[in-house]
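Below is one structure, written out as C-alpha cells, with a few remarks after it.
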Amino acid sequence: MKGKLYTYLAVLLLLVLVVVACGPQEQEEPTVGRLQLIKDRGYVICGCNAELPGFGYLNPQGEFEGFDVDFCRAIAAAVFGDATKVEFRPLTAAERLPALQTGEIDVLIRNTTWTLTRDSANELDWAAVTFYDGQGMMVPVATGWQTLEDMEGATVCCTTGTTTEMNLSDAFRARGVDYAPLLFEKTQDTATAYEEGRCDGQTSDKSQLAALRSAMARPEDHVILDVTMSKEPLGPLTAHGDNQWNDVVRWVVWGMMQAEESGIDSTNVDQMGSSDDPTIKRLLGVEGEVGASLGLPNDFMVKVIKQIGNYEEVYMQHLGPGGLDIPRGPNLLWTEGGLLYPMAWR
Amino acid sequence: MERPPAGTVHPDRGPIRPSPRREASSFGQQVIQFLLDERVINVLVQVLFTMAVLAVAGWMIYNYVQRGRTFTFGFLGEEASFDLAEGLEFSPTDPYARAFLVGVFNTIRVAVLGVILATILGLAAGIARLSDNWLISRIAGVYIEIVRNTPLLVQLFFLYFAVILKLPDITDAVTLPGPVFLSKRGIAIPWPVPAGSFVYWWPFVGVAVVLAIVLQVVRKQGEKRTGRPSFGLLWVFAPLINIPILGLLFFSFGYWWAFVTVALIVTVVLQVMRSRGEESMGRPGFGLLWVFAPLVIIPVLGLLILVLLGWPVLGSSPALLADLPEMVSKAGGVVRVEGGTTLSPEFVALLLGLVIYTGAFIAEVVRAGILSVPKGQTEAARAVGLTNAQVLRLVVLPQALRVIIPPLISQYLNLTKNSSLAIGIAFLDLYAVSNTMLNQSGRVVEVFIMIMASYLAMSLTISLIMNIVNRRIQIVER
C-alpha cells in the first residue's frame, strides 16, 4: 500500500515537472536569424533532388551533381568562401515543402515551381528564378499523337505532390478531353511505369522529360509534344519571414547572372578585379560595401565565380550540349532576348 | 488487502482509522490526511494528467500559431482542381472533402477485401503447414518463411513493376472466358448493372431480412426455453442469401425460375430428412449426394424441357444485366477497353501484396492456435471415428479459435495500416490522396490530423467488431 502511494506521488511530481517545464518555453522566441544559425553550424543544409539527371542527382562517384546542386554550392561559397561546406538532403516532391517549413533545411533548390499559393498559403519565399521551364507531355512516337486533343481516354503518368498534377487537370479540362491520371510518389517510378507501357503519356516539366528520356532504353521511341501546359519558373526558396537569408540566396543567384552579363567567368575573375567598370568593381567587392549589407564577406562573389562559375558556365556544364542538351531559349540573358534579368548591383 | 474492522489496531501501522484525538488536529493536517487518501489521489492524478496532456497540446498549437501559421479546416470546402481516377467518381471541381472521401473509400475497399482474402489464405496455409503430407507442409513453409522475412514495400514493388506491369500490352491482352481481359492496363471483367425491373427486386430483399430476423428471434426463444437453440445459425442465414438470389433469378429467367425453386425446396426437405435420420438412428439414412443431386438435375431438366418446348429461357425484363468488357480500337493504333469494370493494376498489386504478406502471418497464428489444442483432443476425436476433416472442423478449430482471434485482430489492423504503402505503387488510398491534398493546399498539420483520425477510426472499428467475435467464442466460465 505504501509503495503504491509513493509511486502515485512520484508520477504526480513528474507531471507537475512536465507542466512547469512547458511553461517558460512558451515565452521563448526565435531571435537568431537563419544566416547566423548557418554560420554557427559551419555548413549550409540544402534540400535537393537526387534522381533528376542534369539538375540534381548522385553521380557514379556518390557525389551530388547538377544545375540545382551547383547553386547550393554557390551559396556555401558565398557564406563560407568554401563551396564544399554544404550538406545535401535528397527530398521527394512531397517531402520538400514541409522540410523547409519545419526548418530542417536552410534552402530548397529542387526544381520547385514558383506559384501564388505556395508563396502565400504555404508561407515560403522564393529568392529568384534560376530556370524558366514549361510543363510538357511525352508520348510514344508510335501513337502518332501531335496534340493533347488526340489523347482522348488516355492514362497519363505523373508525379504527385507537384503543380504538374493540377496543370494536367487544367489543360485537359480546358480542352474537354477525358483522361485518367496515375500518380506516383517518385519520379523514377513514374518514368518506369510509363516506359513499361502502363500509361499512354507522361507529363512533367520539359527539362525533366528530356532528362528522363535520356535515361530510357530507347529514347528515340518517345517524343515530347510541342505543347506547353504551364509556366514553370523554377528557383531556390527559403522559409517565410527571414528576409536576410532570402536576400543572400537571391543575390548569389543574381550575382552569377550579372557575372555572365559582365563577362566574368571562373577563368578571368582574378584579372577582372582591376577592371574600370564600376558594376564589376562592386560585384567583386573591390568597391562599395554590398557584401557587408548582406552579412557576407565583401568579396563573396569572387569565391562563388571562382569555385562554381557564372550562370552560363553552370548551364553549359549540366544542360548544354555535353549534358541534357536543352536549348537555352528563355534562359538567355535579357540582353540576348531571354528572360534572365539580374537586378541592379549597387 | 482486506480492511480490518474499524477501530482495531494494526500491530505495525497503528490505528487504521484516525483516533478522536487526530480528528481534532489542525487544518493543515486535515488537508494532508485528505490528500493521502487513495481515492483522492486517484482522481487527482487523472486530473493532473489530463491537464498535462492539454498543456502539451496547447503548447504545440501555440508554437504553431507563433510561427505565423493558422489552424483551420476551411480549405476542405474549396475546389480541389486535381483529378483522381480510382474508386468514386471525382471531378476537379469537387471540394477537397470529397477527394478525402475517395481516399477513405479506396482504403476501406482494399482493407475489407484484403482482410477476407488474407484470412482464407492464412487459414489454408496454416493448416497446410501442419499437414502430414511432406510436400504440402514444405510448400506452405517456404511461402511463409519467404514472405514473412522480406519487407512488404519490396514485395509490393516486385508485384507491381516485375509482375503486373510485365503482363502483355492491351493490344494483345490475354482473353479468358467471361470475357476477362488481362493486360498491363488492368483486369477487365463483366460487371452487373441494374436493369428495368431492378426496383421490384427490393421486396425480395425485404422479405429475406424480415424472415431472417423472425427466425433469429424464434431461435433465441427456443434457446431460452430449452437451453439450446432449436436450429442452427445456418437456417437464419440461408433464407437471407437464398431469397434475394431467387428474386434475381425470377426476373432474369422466366419459367426456368420455377424449376430452380422446386429444386431448392426439394434439397431443403431432403437435408431435413437426412439430419432427422442422423439424430434418430445415429447415422444418416442416405448420402449427401442424394441431397445435391436434385439441386443439379431438376434445373438442368427444366432447361432441356424449355428448350424442347421452344419457350424462352430468359425473362423479358431482367433485374440485372451483365455489362461485358469490349476491346475497341481507336485512332493511332490505340486500343481501349469499354464496358464492364476494370480492376486497376495498382489495386490488384496492392491487394495481392497485402493478402500474400498478411496471409503468411495469419498462417503462423493459425498454426500456433492449432498446436495449442492438446494432442489428446485429436486422438480422442479420431478414436470415436471422426474423419480428418471432421476432427479439424468439429474438435480442433473451435478450440484453436480462442487462441487465434486475439493475435488475428493485430494482423487485421496491420493490413489496414500497411495499405498506406499504396502511394509507392500509385494506388489512390487515403494516404496518397491526402498527400496530394496537403501539397496543393499547404495544410500539412490539418491533413495529417485527418489522416491519423481516419486510421484510428478504422482500427478501432476493426477492434470493436473482432472483440465482439472474440467474446462470443471464448469459453463461458461460470
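Below, chain A is the first sequence line, B the second, and so on; all start at residue 1. Computed over heavy atoms, backbone and side chain alike; hydrogens, waters and symmetry mates excluded.
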Worksheet item: Going by atom types alone, do B:T93 and B:S91 pair a side-chain donor with an acceptor below 3.5 Å?
Response: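 There is such a pair (donor and acceptor under 3.5 Å, judged by atom type) between the side chains of B:T93 and B:S91.
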Worksheet item: Is there a donor in the side chain of A:T160 and an acceptor in the side chain of B:T436, or the other way round, less than 3.5 Å apart?
Response: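 The answer is yes; a qualifying pair exists.
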Hey, does [Y] have a side-chain heavy atom less than 4.5 Å from the side chain of [X]?
| X | Y | result |
| --- | --- | --- |
| A:H222 | A:V139 | no |
| A:P140 | A:D221 | no |
| B:I164 | B:K184 | no |

Check each atom of [X] against the heavy atoms of chain A and say whether the ones under 4.5 Å are side chain, backbone, both or neither.
| X | answer |
| --- | --- |
| B:E86 | neither |
| B:R185 | both |
| B:F157 | side chain |
| B:I425 | backbone |

Partner chain B: residue of [options] with the largest heavy-atom pair count (under 4.5 Å):
| options | answer |
| --- | --- |
| A:C157, A:C199, A:G241 | A:C199 |
| A:D150, A:D189, A:L97, A:T117 | A:D189 |
| A:A93, A:G153, A:P98, A:A180 | A:G153 |

Item to complete: Answer yes or no: are there more than 12 heavy-atom neighbours, outside A:W114 itself, under 6.0 Å from its atom CH2?
Response: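 Enclosed.
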Proximity breakdown for [X] and chain B, heavy-atom pairs closer than 4.5 Å:
| X | result |
| --- | --- |
| A:P181 | both |
| A:F172 | neither |
| A:R198 | both |
| A:A154 | both |
| A:T102 | backbone |

Item to complete: Locate the shortest heavy-atom distance separating A:F184 from B:Y160; write the atom from each residue and the value.
Response: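 Minimum heavy-atom contact is CZ-OH, 3.5 Å.
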Discussion item. Shorter than 4.5 Å, heavy atoms on both sides: which option in B:A85, B:A426, B:P92 has the most such pairs with chain A?
Written reply: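 Option with the greatest count: B:A426.
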Fill in: Pairing of A:E104 and A:R89 as salt bridge, 4.0 angstrom limit
yes
Worksheet item: Can A:R218 and A:E195 be counted as an ion pair, charged N to O under 4.0 angstrom?
Response: no
